[in-house]
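Scroll down for the structure; my scribbles are underneath it.
When a ligand or atom number is given, it counts from 1 through the structure's own listing order. From a predicted model like this one, the values you see are computed outputs, not experimental measurements.
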Amino acid sequence: MKDFSAEALLPQFPILERRINGRRMVYLDNAATTQAPLAVVDSITGAYTSTRANVHRGVHTLSQEATAAMEATRERVRGFIGAASTSEIIFTRGTTESINLVASSYGELLEAGDEIIVTVMEHHSDIVPWQILCTRRGTVLKVVPMRPDGSLDLGVYRSLFTPRTRLVAVAHVSNVLGTVNPVAEMAEIAHANGALILVDGAQAIAHMKVDVAALGADFYVFSSHKMYGPTGVGVLYGRRELLELMPPYQGGGEMIGHVSFGGTTWAELPYKFEAGTPDYIGLAAFRTAIDWLDSLGIEAVAEHEHRLLEYATGRMTEIPGIRIFGTAPGKAAVISFLIGDAHHYDTGVLLDHLGIEVRTGHHCAQPLMETLGIEGTVRASFAAYNTRADVDDFIAALQRVAPMLQ
Ligand code: PMP
């Protein structure tokens, strides 16, 4: 494993030098969006100052360079997640659009009474597109419950399958609980029952090694902005045979073979699913982000984040009245908590006064909040550039605000 020093990364993130309310900022909202290193920012600036030109159709040099930069990212993503072919890498606006694409397009192949399984801990973006599909096509949604520690009960999961089950959609890592779901095992069970599996990798991709073939994922989706890359771009990985069967998601330029009023044909994969001008500058910079993350070694990042998680969790027990939601073994570096009966919003505001940037609310997981019997939580989440000093400042801030809230 590579040597790793979070402190050594800090000069690459000028934003982390910011002060908030006169205090050193501690950025602990990485599950929502990570910061981008200067290399990524430079890639965007470089494109705007030297190669900005529309991709695909151009014969001129700028257009060809822009196309090559975008396609190089496709190959980089393919290798990064272990996909067999670049035909299987569809560029989207992010996780949400990737799931909507599958629900909308694969959904066309489903019939009334077909069943889809999701889990109680899904993000709204892995619930609502399936609910829309159920309304549109009469499909049925089933929900895997969880145990008190935030892990899924695979016994119940198995029992939900029927001959009508077509697809399972599950988060690789919960954005609230940090639970790492056993997706390889869940994929095996789904396949044994003749169903497909879509894995929402939004919270996994920057925190652990992901190999779509080893996981057995039929679809795997994620967003660049949660992996040190630009906003507005993301990926849908899909197995080629499935993508071939699926109808287009949106119509427009680039996704066609030939257009005539007598009938239109579709482009080859992956372009069949990429109508219109993509965010080719963001996509080019996305490759820089993957290079950057890979250069650190994802295993080294994972180990570092795990150490921070253990240190922070241990020290949080010093705070009277603290309740942590999600304690499954091997969980990722996400800590959702409440202090006594204090409202999550009040805690978040007070922490912000002290320069601590955490997320508060239902985290787009209202069904999970309902299961937990709460309205929301405060969530601290870690990334490669967080340090022990960040945790110490976070704990010191909690120690200050906790007595004000109880
Ligand atoms: N799924 C999970 C598990 C997430 O954490 C998020 C982002 N909070 C999303 C989906 C949606 O990602 P995006 O907003 O980038 O589409």
Quick test: of every protein heavy atom, which one is nearest to [atom], and how far off is it to 0.1 Å?
atom	answer
atom 12 (O) of ligand 1	T95 CB, 3.6 Å
atom 4 (C) of ligand 1	H123 CD2, 3.5 Å
atom 5 (O) of ligand 1	Q203 NE2, 2.6 Å
atom 14 (O) of ligand 1	T96 OG1, 3.7 Å

Closer than 4.0 Å to some heavy atom of A202 - which atoms of ligand 1 meet that?
1 (N), 2 (C), 4 (C), 6 (C), 10 (C)

In ligand 1, which numbered atoms sit nearer than 4.0 Å to a non-hydrogen atom of N175?
5 (O)

Side chain or backbone of [X] under 4.0 Å from ligand 1, or both, or neither, by non-hydrogen atoms?
X	result
A171	neither
H225	side chain
D200	side chain

Can you run down the side-chain hydrogen bond (donor to acceptor under 3.5 Å, both in side chains) pairs that involve residues 10-26, sequence neighbours left out, and say none if there aren't any?
Q12-W292, R24-D390, R24-D393

May I have the step-by-step check of salt bridge (charged side-chain N to carboxylate O under 4.0 Å, His left out) for R136 and E108, ending in yes or no?
CA-CA 10 Å; R136 205 176 82 222; E108 284 295 303; 2.9 Å; yes

Within the 3.5 Å criterion, strictly below it, is a donor on [X] or [Y] matched to an acceptor on the partner's side chain?
X	Y	answer
D211	Y220	no
H258	T265	no
T179	S151	no

Answer with yes or no whether [X] contacts ligand 1, where contact means a heavy atom under 4.0 Å from a ligand atom.
X	result
R93	no
K226	yes
D126	no
A32	no

Keeping the roles fixed (side chain from T313, backbone from E310), state whether a donor-acceptor pair exists under 3.5 Å.
no

Are D279 and R93 close enough for a salt bridge, meaning some N to O gap below 4.0 Å?
no

With ring centroids as reference points, do F222 and H172 lie under 6.0 angstrom apart?
no

